[in-house]
Amino acid sequence: MKVKKESIQDRVMALGFDEKALMGRRATLIALLRSLQKSLEQNDTMTDGTKSLIEEKQFSKQAGIKSIVRKPNSTLSHRGVQLSESLHRHFDRSGKGGMTFKEFRGYLAAVGRRKEMANVTDNQESWRLFFDDMEGLDERGFLTESGMVKYRVLIEPSHPLEQDLLKVKLPLLPEDILLW
């Protein structure tokens, strides 16, 4: 026994819908969507004075790494900032208030990402330029806590802070709660 294949029109008619009315609504929806697209393209600026998404995309292609590190796609909560600073202090082995290139590479090794951004982390000068563009180095060339926070914001979508903290056995909870 051969089963007859039903077309979309047959299904629509079986449900009791008027095909011409549905096609008319479809055409109207498509026209509205195209109108909306055109409107967004014409008025593609935000009211707060920031660049439009289209301009930002073109800008990022032209500006390279600076556009990426200065306009991260996500943010950290207040607690996330505190935890990032805690992570920074943990790997500031020298205790000088900033992470050196070697200490930063030690951080990457400890969290199991030695090859992360290899073009940046394989060479001290590349690393310095990267974090300098991000305004994350102090006058000595050490990575500051705020630089670490900016870096964490940059990588947060692909490498959650909680995972890094757990790998290096740092507490996720605030110290007050741990003492309690």
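- Heavy atoms from other residues, nucleotides or ligands lying under 6.0 Å from CZ of Arg89 number more than 12.
- What you find for Arg152 and His159 is that their closest heavy atoms are NH2-O, 2.5 Å.
- The nearest pair of heavy atoms linking Leu161 to Gly80 is CD2-O, 3.4 Å.
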For this session: Please test His78 against Gln82 for side chain to side chain donor-acceptor pair (under 3.5 Å), starting from the C-alpha separation and ending with a verdict.
Result: CA-CA 6 Å; His78 174 70; Gln82 289 176 334; 3.1 Å; yes
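- Taking CG of Leu87 as the start and NZ of Lys167 as the end, the distance is 12.0 Å to the nearest 0.5 Å.
- Judged by distance alone, the side chain of Asp138 and the main-chain N or O of Thr144 form no donor-acceptor pair under 3.5 Å.
- Using a cutoff of 4.0 Å between basic side-chain nitrogens and carboxylate oxygens, Lys115 and Asp122 are not scored as salt-bridged.
- Lys96 has its side chain within reach of Phe142: a pair of non-hydrogen atoms, C-beta onward, lies under 4.5 Å apart.
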For this session: I would like to know whether Lys150 and Glu135 meet side-chain contact (heavy atoms from CB on, under 4.5 Å); could you show each step before the answer?
Result: CA-CA 9 Å; Lys150 289 176 186 178; Glu135 298 171 359; 3.7 Å; yes
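- Nearest heavy atom pair, residue Arg93 against residue His90, reads NH1-O, 3.4 Å.
- Glu103 places a side-chain N or O within 3.5 Å of a backbone atom of Thr100 that can act as its donor or acceptor partner.
- Note that OG of Ser84 and CD of Glu156 are 7.0 Å apart. Values are rounded to the nearest 0.5 Å.
- In this structure, CE on Met117 lies 10.5 Å from OG on Ser126, to the nearest 0.5 angstrom.
- Closest non-hydrogen pair, Val120 versus Phe130, comes out as CG1-CB, 3.6 Å.
- In this structure, Phe91 and Val168 have side chains that are in contact, with non-hydrogen atoms separated by less than 4.5 Å.
- Remark: the backbone N or O of Thr121 is paired with a side-chain donor or acceptor of Arg105 at under 3.5 angstrom.
- Note on ring orientation: taking the six-membered ring where Trp is involved, the planes of Phe104 and Trp127 are tilted (angle from 30° to 60°).
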Problem set entry | Chi angles and distances behind the side-chain contact (heavy atoms from CB on, under 4.5 Å) call for Tyr107, Met99 | CA-CA 10 Å; Tyr107 153 70; Met99 286 173 67; 4.0 Å; yes
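- When hydrophobic clusters are built by joining Ile, Leu, Val, Met, Phe, Trp and Tyr residues whose side-chain heavy atoms come closer than 4.5 Å, directly or via intermediates, Leu137 is not grouped with Leu129.
- Closest approach of His88 and Leu143 over heavy atoms only: NE2-O, 2.6 Å.
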Exercise. Can Asp164 and Arg113 be said to form a side-chain contact (heavy atoms from CB on, under 4.5 Å), step by step?
Worked result: CA-CA 10 Å; Asp164 285 3; Arg113 296 195 310 268; 2.7 Å; yes
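- Under the side chain to side chain contact (heavy atoms under 4.5 Å, CB included) criterion, Val81 pairs with Leu76, Glu85, Val149, sequence neighbours left out.
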